[in-house]
Undergrad: 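Got a structure here, written out as C-alpha cells. Questions coming.
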Amino acid sequence: MNTNPTIDGQRLLQRIAEFAAIGATPAGGVNRQALSLEDRMARRRLAELAVARGFCVYQDAIANLFIRRDGRAPSLSPVLIGSHLDSQPTGGRFDGALGTLSAFEVLESLEDAGAVTERPVEVACWTNEEGSRFFPGCMGSMAFVGAGDISGWQETDGADGTKLADELQATLTALPEVEMRPVGHSVAAFIELHIEQGPVLERANVPIGIVTAVQGTKWLQVSLTGEAAHAGTTPPAYRRDPLAAAVEAIASLQQAVMPADPSARLTVGRMIVEPGSINVVPERVTLTLDLRHPEKEVLAAIEARAGTECRAAARRHRVEVSIEKRFDMAPGKFDASVVEAIANACGRLDIPTMKMVSGAFHDALFLSRVAPAAMIFVPCRDGISHNEAEFVSPQNIEIGARVLYETVRELAG
Ligand code: GLV
Ligand code: MN
Ligand code: MN
C-alpha cells in the first residue's frame, strides 16, 4: 500500500471512540437514536470540532448538518461527503459514525496539508437515516433531494411515544449558533464511506468494496384489530384474535418469500400486542415488515404477496386489517464516473477492491437522484451490524478513510 501521508489514522480512531461514548450501551454498542438527546450531543460535538478548525457549519429545517471547507472557487458546487450519526436502539459504533467522522477527518487532513481544492468540500451528517425511532429512514437525505415532505412528517409518532415535531425542534434549537440553510443545494458529487454490514468483503478478504448499486426497500406497517376476550372462557369460534392472524401471515410469508429467491429479504422487526396481558385474547397487533430486493418489479411482487397473506389471515380470523406503506426506496444504481474515481483512488493507493451491491439502504441512494454519487464499503467482523457487537478493524478504518481522501482530492480538483 502507498504510504504517503493522507489522513491521520490515530486521530480518526480516537474520534470514533469519543463519539461511541455518546449514547454508549453497557454491551459496547450505541443507542443514539435520531433526534434524541444523545444525537443532539453528538451533533454538538461535531459542530464544536468544526468551528475549532475554522470551518463553517450550517443546518437545515430537517436538521441535516453541514460542515464546509471552501475551495479556490467558492461559487462552484461542493463535493459532499458524509453519512449519519443516529443509530439503532442497540446499534454499533460504526454504522453511520464511521462515514461521518471519516469525512470530517478528510476535511481536517486537507486543512492540515494546507491543500487548496478547486471546489468546496462539505461534510454532510444526514438526519434520521435509521428510521427506527421515527419512520421513514433517510429523512434528511430524502428531504434534501425533494423526495420527502418535512411538514408531512411533523405529526409522526416516535417508537417511544414522542412526536417528531417536538424532537426536531429541540434538535435544531440545541445548536442555536449554527446558521440555517435552505433544504437542498447543488452538489458536484456525493461519496459515502460505510461499513458493509454483511459478510462479503471479509469472506473475500478484500478491504474495500466499491458500491455500484443499492437494493430496494419497502417498509409496511400492518395493523390487525379483533376483539379483546377472556383467555380462559372464550372458545375458538368466539375469538377474533389478531395475533393468531399475524402468526399465520408471517409464517406463510417466511415460507414463501426468502426460500423462493436467494436475493429476497423479509423481516418482522417489531410487533406490538395490545393490551398485552397474559390472560386477554389481544385486541390489536401492529407489526412491521421490512422487504428488500434488488429488482423493483420483484420487490413490488413481494409487497403484493405480503398484502395478500395478511388479508387472507385476517379473513380467517375475522379481524380487520390495514396496511400502511411507511418507506419506499426504489433500487438504484450509482454513477459510473464516481465509481471509477473511487476505483482510481484505490489503484493509486494499491488497495484491492471488489464491486458490490448494497443490501442495506443508504442516504447516498437518495443523493444519487440529484448528483453523481457512489459509496465505499469496508468489511465488518463476521458481517455483523445493527448489533452492539459491530466491529471494524483499525486497519480497515484507516484504509477506508484514505480511499475517501484520495477520491475527494480527485473530485474536488
Ligand atoms: C439501514 O439502516 C438499513 O436498514 O438498511
Ligand atoms: Mn448506516
Ligand atoms: Mn443502520
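Whatever order the structure lists them in is the order used to number ligands and atoms, beginning at 1. Quick caveat: nothing in here was measured; it's all calculated off a predicted structure.
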Undergrad: Can you check which of Gln215, His194, His362, Glu130 brings a heavy atom nearest to atom 2 (O) of ligand 1?
TA: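 Closest candidate by heavy-atom distance is Glu130.
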Undergrad: From the N, O or S atoms in Asp95, identify the one nearest to the Mn ion (ligand 2).
TA: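 Going by distance to the Mn ion (ligand 2), the closest N, O or S atom in Asp95 is OD1.
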Undergrad: Sort out for me which residue in Thr127, Leu168, Asp86, Thr156 forms a side-chain contact (heavy atoms from CB on, under 4.5 Å) with Phe134.
TA: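 That would be Thr156.
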Undergrad: From Glu129, does some N, O or S atom reach closer than 2.8 Å to the Mn ion (ligand 3)?
TA: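 No.
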Undergrad: Do ligand 1 and Phe361 have nitrogen or oxygen atoms that lie under 3.5 Å from each other?
TA: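 It does: an N or O of Phe361 is found under 3.5 Å from an N or O of ligand 1.
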Undergrad: Are Leu253 and Arg305 packed together at the side-chain level, in the sense that at least one heavy-atom pair is separated by less than 4.5 angstrom?
TA: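 A side-chain contact under 4.5 Å exists here.
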Undergrad: Tell me yes or no: between the side chains of Glu105 and Ser109, is some donor less than 3.5 Å from an acceptor?
TA: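 There is such a pair (donor and acceptor under 3.5 Å, judged by atom type) between the side chains of Glu105 and Ser109.
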Undergrad: By number and element, which atoms of ligand 1 are closer than 4.0 Å to a non-hydrogen atom of Glu129?
TA: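 Answer for ligand 1: 1 (C), 2 (O).
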Undergrad: Tell me whether the rings of Phe377 and His194 are parallel (<30°), tilted (30 to 60°) or perpendicular (>60°).
TA: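 Aromatic pair Phe377/His194 classed tilted.
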Undergrad: Less than 4.0 Å between a side-chain N and a carboxylate O, is that true for Glu303 and Lys218?
TA: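 Yes, this pair counts.
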Undergrad: Applying a strict 4.0 Å limit to heavy atoms, is Arg292 in contact with ligand 1?
TA: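 It does; at least one heavy atom falls under 4.0 Å.
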Undergrad: List ligand 1 atoms under 4.0 Å from Ala360, heavy atoms only on the residue side.
TA: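 So the answer, numbered in order with elements, is 5 (O).
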Undergrad: Check whether any side-chain heavy atom of Val106 lies under 4.5 Å from a side-chain heavy atom of Tyr405, and answer yes or no.
TA: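 Side-chain contact under 4.5 Å: yes.
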Undergrad: With the Mn ion (ligand 3) as the point of reference, which N/O/S atom of His386 is the closest?
TA: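 Of all N, O or S atoms belonging to His386, NE2 is the one nearest the Mn ion (ligand 3).
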Undergrad: Is it true that some N/O/S atom of His362, main chain or side chain, lies under 2.8 Å from the Mn ion (ligand 2)?
TA: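 False for His362.
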Undergrad: Cationic tip of Arg181 within the cone over Tyr58's six-membered ring, i.e. under 6.0 Å and within 45° of the normal?
TA: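 Arg181 over Tyr58 ring: yes.
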Undergrad: Under 3.5 Å between some N or O of ligand 1 and some N or O of His386?
TA: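 Yes, since at least one N or O of His386 sits under 3.5 Å from an N or O of ligand 1.
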